[in-house]
Amino acid sequence: MLRFAVATALMFSLSFPSLAMAADPTPAELLKRYDQVMSPRTFDGLLVMVAHRQDDTTRTYKFRALKSEDDKIRTWFFEPAAAKGQEMLRVEDNMWVYMPNLKRSLRLASRESFQGGDFNNGDVLRVNYVADYDAKLSPSGDDKMWLLDLTAKNKEAAYDHIKLWMTKEDQQPAKAEYYAASGKLLRSAKFEDVKDFHGLKRPSHITMRNELATKRYSEMNTLDMKLNLDIPAQKFVLDDLGR
Amino acid sequence: MQLRTPILWLCGLLWALFGGPFVNAALAQESLDDLDAAKKGDSGSKKLTAEVNGYVDNRFQYAFINPNASFLSTINQPSIQEILEGNIQLKISFGAKAFVYSDVSLIYQNGWLFYDKDGSGGRTKIDDHDVATLRPFVVPSELYVSVSPKPWLNILVGKKRIIWGSGFAFNPTDLINPPKDPTDPNFQRAGQWVARIELPFEKFTISTLFSPQVLYQQNGLPFAMMKYPDYPLADGTKPPDDSYHYLLAARLYLLLFNTDINLFYFFSNKYNDSFQNASRFGASFSRYFFTDYELHIESLFQVGSGKLYPNHACANGGVCNPQTALSASKLEDGVLYPRLLVGGRTQFRDESTLSVEYYYQADGYSALEFEDYLRLASRAQMAGLTGVGQPTGGSTGAIPQRFTFDPLRRHYLILSYNKPKIRDDFAIGATLIAGLADLSGTLSPTFSWNAQEWLTLSLYGFIPIRGIPVGTVSVNDVNYSEYSLLPMDFRFLFEARAYY
């Protein structure tokens with residue numbers, strides 16, 4: 001009887017391998033999940049970035065971020081006073097910054113530093129990993145984690161290579177390492193303190209460590225985030241900056 | 001210096017009058033509801049709200065005045081100059097569709113330690129005295145109302161600095177605003193009085209603009225625009241000019257293939273130059289290539305030139321009418337004179353930024369015209385005919401600048417380098433402006449320290465480069481280059497700017 005049961009189970013699993021693996025998401029699904037968690041299709045967020053520097057002092061930036069579709073995002077800076085009135089805009093592969101002191105906008109590159117902290121512009125304004133990276137799964141060395149190896153698909157991607165760990169339990173990002181094309185580790189990140197923002201559970205606290213200047217790191221805290229908004233397209237137009 | 005306290009009091013008073021009553025909602029920014037509550041009342045109705053910020057800026061400058069460097073007069077050029085600026089930027093929103101914005105600076109300034117030629121190749125100190133461009137004044141850099149009745153329609157009336165071109169240090173298509181100092185781009189904030197209608201769409205924007213020229217103003221506020229009054233001013237002056245001074249502009253912006261493209265059309269009549277009923281065209285382009293390399297092109301096309309050219313006969317001792325010694329003699333010559341700026345910018349891995357720009361103006365002086373210009377200036381001691389090294393602004397409603405890029409000749413190179421974080425909050429930079437016809441130029445190194453989130457301390461240098469004897473012009477056995485005309489050997493400036 002026991003032999004029969006084992007044989008039946010074995011035959012069943014061989015006949016339907018996809019069912020046997022149903023619990024394991026594909027790399028593409030995990031990447032899509034990362035985008036859904038970290039950069040929902042539309043959102044209105046209030047965030048604070050604290051940059052910790054070599055001399056142990058900090059600089060704090062508070063800003064609002066508004067996102068529409070997959071490739072449009074705009075930010076307004078409220079703090080510090082020196083940055084108040086600055087705005088940033090991304091539309092597709094284009095980024096601009098509006099400088100109130102210059103009374104004009106300038107183009108930006110994706111890989112430039114975001115407000116001089118340890119995030120770069122792409123980390124904040126260009127979170128669209130499905131579009132920017134190819135993914136494959138690697139052994140994570142931790143039963144509770146998936147490890148994704150991401151390779152840039154295009155030159156506009158913020159990094160050439162990323163290792164991204166996501167929790168198996170709720171498929172939240174846990175940590176990441178960001179590499180240059182040479183293989184040099186540039187930055188590492190920790191994703192913590194998962195909170196519910198109007199129905200979306202996501203890490204509210206990200207720590208980005210600069211691996212080239214190890215005393216420097218930046219924290220990004222999400223204070224609030226609203227979802228599923230209907231935002232006029234004109235909010236994402238270059239000429240609207242400064243208004 | 002005695003006015004420092006009154007200016008701070010005045011800033012405080014402006015804050016208390018206009019800012020304080022409104023800012024309670026804006027200060028509580030711990031959630032999106034706090035931000036939205038600032039725009040709407042509890043019932044969702046429109047609510048008057050305000051945001052206030054600004055800065056107090058102190059600039060102390062020393063220049064080594066050299067009266068023998070050129071034939072330009074130095075008697076109104078102070079060696080020591082103090083500029084104290086209290087700036088307040090107030091934005092009052094009427095719901096989400098309309099706002100009033102003002103960016104006003106109260107400026108106390110003064111200058112001391114003046115020098116003139118001593119007649120034997122040296123310099124002699126002259127008494128401190130009143131200089132009109134060194135008096136305290138008020139600059140409303142921007143003061144406008146903006147209404148967006150529809151997402152695709154914006155109407156703006158007032159004074160605003162509107163820059164459409166893609167140039168970094170300089171914009172040849174900017175026919176509207178007071179020029180900025182490329183070595184100190186944050187300093188000039190003033191715009192021009194305009195009425196603008198803009199139609200922004202997802203991939204393109206159409207802008208139309210009308211700007212009447214300000215002919216007379218007092219304390220930054222105009223009292224004669226577009227046409228001179230029929231009566232003379234209190235000092236008895238009345239220009240023999242009944243024409244209308246204005247500019248009409250139209251612009252089409254396109255975001256195509258990840259490229260910013262602007263097409264411009266200008267129609268002007270005696271607007272800041274001598275062109276009458278003249279059309280000019282322009283275009284600009286800006287795009288990133290190979291991920292990290294920005295390229296921009298900006299050009300202006302005009303038939304004829306509004307520049308003042310020297311009369312060759314006058315310059316060389318011939319008989320001529322002194323009033324036509326320097327005139328816009330190419331205004332109606334029918335020749336196309338393009339102006340073209342091509343530049344690029346990149347940020348390196350260490351976050352330093354390099355910008356390189358080449359500027360060509362077809363109506364710049366040839367070597368002979370430059371020589372004639374110098375001869376005329378030398379003979380008549382026509383100090384002030386050129387903007388080179390002369391303070392501008394103040395009486396024009398703009399912040400007075402120590403240096404304005406108002407090039408005389410045809411080919412120029414502008415290099416800017418900035419390296420942040422040489423140690424956390426310390427940055428260094430330099431701007432080089434070089435005239436390629438005679439390899440003269442200016443070098444402006446900068447060292448700055450963000451001592452606090454709200455405080456920046458900067459040290460600027462300004463060094464004319466006139467020692468390369470290439471392409472110089474000889475007048476009275478002295479070789480001159482364009483930037484050798486600057487009547488100083490060097491200048492340094494210490495700036496402290498506190499934001500609030």
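Numbered from 1 within each chain, the chains take letters A, B, ... in sequence-line order.
- Residue A:S105: no heavy atom, backbone or side chain, is found under 4.5 Å from chain B.
- Residue B:N171 touches chain A through its side chain alone, counting heavy-atom pairs closer than 4.5 Å.
- Interface remark: A:K72 contributes side-chain atoms only to the contact with chain B (heavy atom separation under 4.5 Å).
- Ranked by non-hydrogen atom pairs under 4.5 Å with chain B, the options A:L108, A:V91, A:L212 are led by A:L108.
- Looking only at heavy-atom pairs under 4.5 Å with chain B, the residue among A:D240, A:N154, A:D93 that has the most is A:D93.
- No side-chain heavy atom of A:E112 sits less than 4.5 Å from a side-chain heavy atom of B:T353.
- Sparse packing is recorded around CH2 of B:W449, with 12 or fewer heavy atoms of other residues, nucleotides or ligands lying under 6.0 Å away.
- Contacts between B:S166 and chain A at a heavy-atom distance below 4.5 Å involve the backbone alone (N, CA, C, O).
- Here B:Y55 contributes atom OH and A:N101 contributes atom CG; the two are 6.5 Å apart, rounded to the nearest 0.5 Å.
- For the set B:S148, B:S146, B:G167, the count of heavy-atom pairs under 4.5 angstrom toward chain A peaks at B:G167.
- Between A:K84 and B:E51 there is a side-chain heavy-atom pair separated by less than 4.5 Å.
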Would you check, one step at a time, whether the test salt bridge (Lys or Arg N to Asp or Glu O under 4.0 Å) holds for B:D425 with A:R59?
CA-CA 10 Å; B:D425 298 309; A:R59 291 283 185 268; 3.2 Å; yes
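- Shown here is B:L254, whose CG atom has more than 12 heavy atoms of other residues, nucleotides or ligands within 6.0 Å.
- If you measure heavy-atom distances from B:F168 to chain A, the contacts under 4.5 Å come from both the backbone and the side chain.
- The shortest distance between side-chain heavy atoms of B:E198 and A:V237 does not fall below 4.5 Å.
- Taking the side chain as every heavy atom from C-beta outward, A:Q234 and B:W152 approach each other to under 4.5 Å.
- Of the atoms belonging to A:L238, it is side-chain heavy atoms, and not backbone ones, that fall under 4.5 Å from chain B.
- The local environment of NZ in A:K190 is sparse, with at most 12 non-hydrogen atoms from other residues, nucleotides or ligands closer than 6.0 Å.
- Counting non-hydrogen atoms of other residues, nucleotides and ligands closer than 6.0 Å to OH of B:Y293 gives a total of 12 or fewer.
- In this structure, the side chains of A:R107 and B:H296 stay at 4.5 Å or more apart for every pair of heavy atoms.
- When the candidates A:A83, A:A51, A:G45, A:G85 are compared by the number of heavy-atom contacts under 4.5 Å with chain B, A:G45 comes out ahead.
- Rounded to the nearest 0.5 angstrom, B:Q452 CD and A:T57 OG1 are separated by 8.5 Å.
- Of the inter-residue distances, the one linking B:W164 atom CH2 with A:D239 atom CG reads 9.0 Å to the nearest 0.5 angstrom.
- Residue A:R104 touches chain B through its side chain alone, counting heavy-atom pairs closer than 4.5 Å.
- Ranked by non-hydrogen atom pairs under 4.5 Å with chain B, the options A:S113, A:A233, A:P232 are led by A:S113.
- Using a 4.5 Å cut-off between heavy atoms, B:F201 contacts chain A through both its backbone and its side chain.
- Within a 6.0 Å radius of NZ in A:K184, no more than 12 heavy atoms belonging to other residues, nucleotides or ligands are found.
- Most heavy-atom pairs under 4.5 Å with chain A, from the set B:R497, B:E294, B:R345: that is B:R345.
- Per-residue heavy-atom pair counts under 4.5 Å with chain A were compared for B:T291, B:T346, B:N258, and the maximum is reached by B:N258.
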Worked verdict on A:K103 versus B:N177 for side-chain contact (heavy atoms from CB on, under 4.5 Å):
CA-CA 11 Å; A:K103 308 283 187 190; B:N177 301 293; over 6 Å; no
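- The parts of B:E453 that come within reach of chain A are both its backbone and its side chain, each placing non-hydrogen atoms under 4.5 angstrom from that chain.
- Of the atoms belonging to A:E92, it is side-chain heavy atoms, and not backbone ones, that fall under 4.5 Å from chain B.
- For the side-chain contact (heavy atoms from CB on, under 4.5 Å) with B:K421, the lone residue among A:R216, A:R53, A:Q54 that qualifies is A:R216.
- Atom CZ of B:R349 is separated from atom CG of A:L186 by 6.5 Å, given to the nearest 0.5 angstrom.
- B:Y288 OH to A:M95 CE: the interatomic distance, rounded to the nearest 0.5 Å, is 10.0 Å.
- For the atom pair CD of B:E202 and NZ of A:K235, the computed distance is 14.5 Å after rounding to the nearest 0.5 Å.
- Considering every non-hydrogen atom in both A:R243 and B:P200, the closest pair reads NH1-CG, 4.0 Å.
- Neither the backbone nor the side chain of A:M99 comes within less than 4.5 Å of any heavy atom of chain B.
- The candidate from B:D292, B:L156, B:L255, B:I162 with the greatest count of non-hydrogen atom pairs under 4.5 Å with chain A is B:L255.
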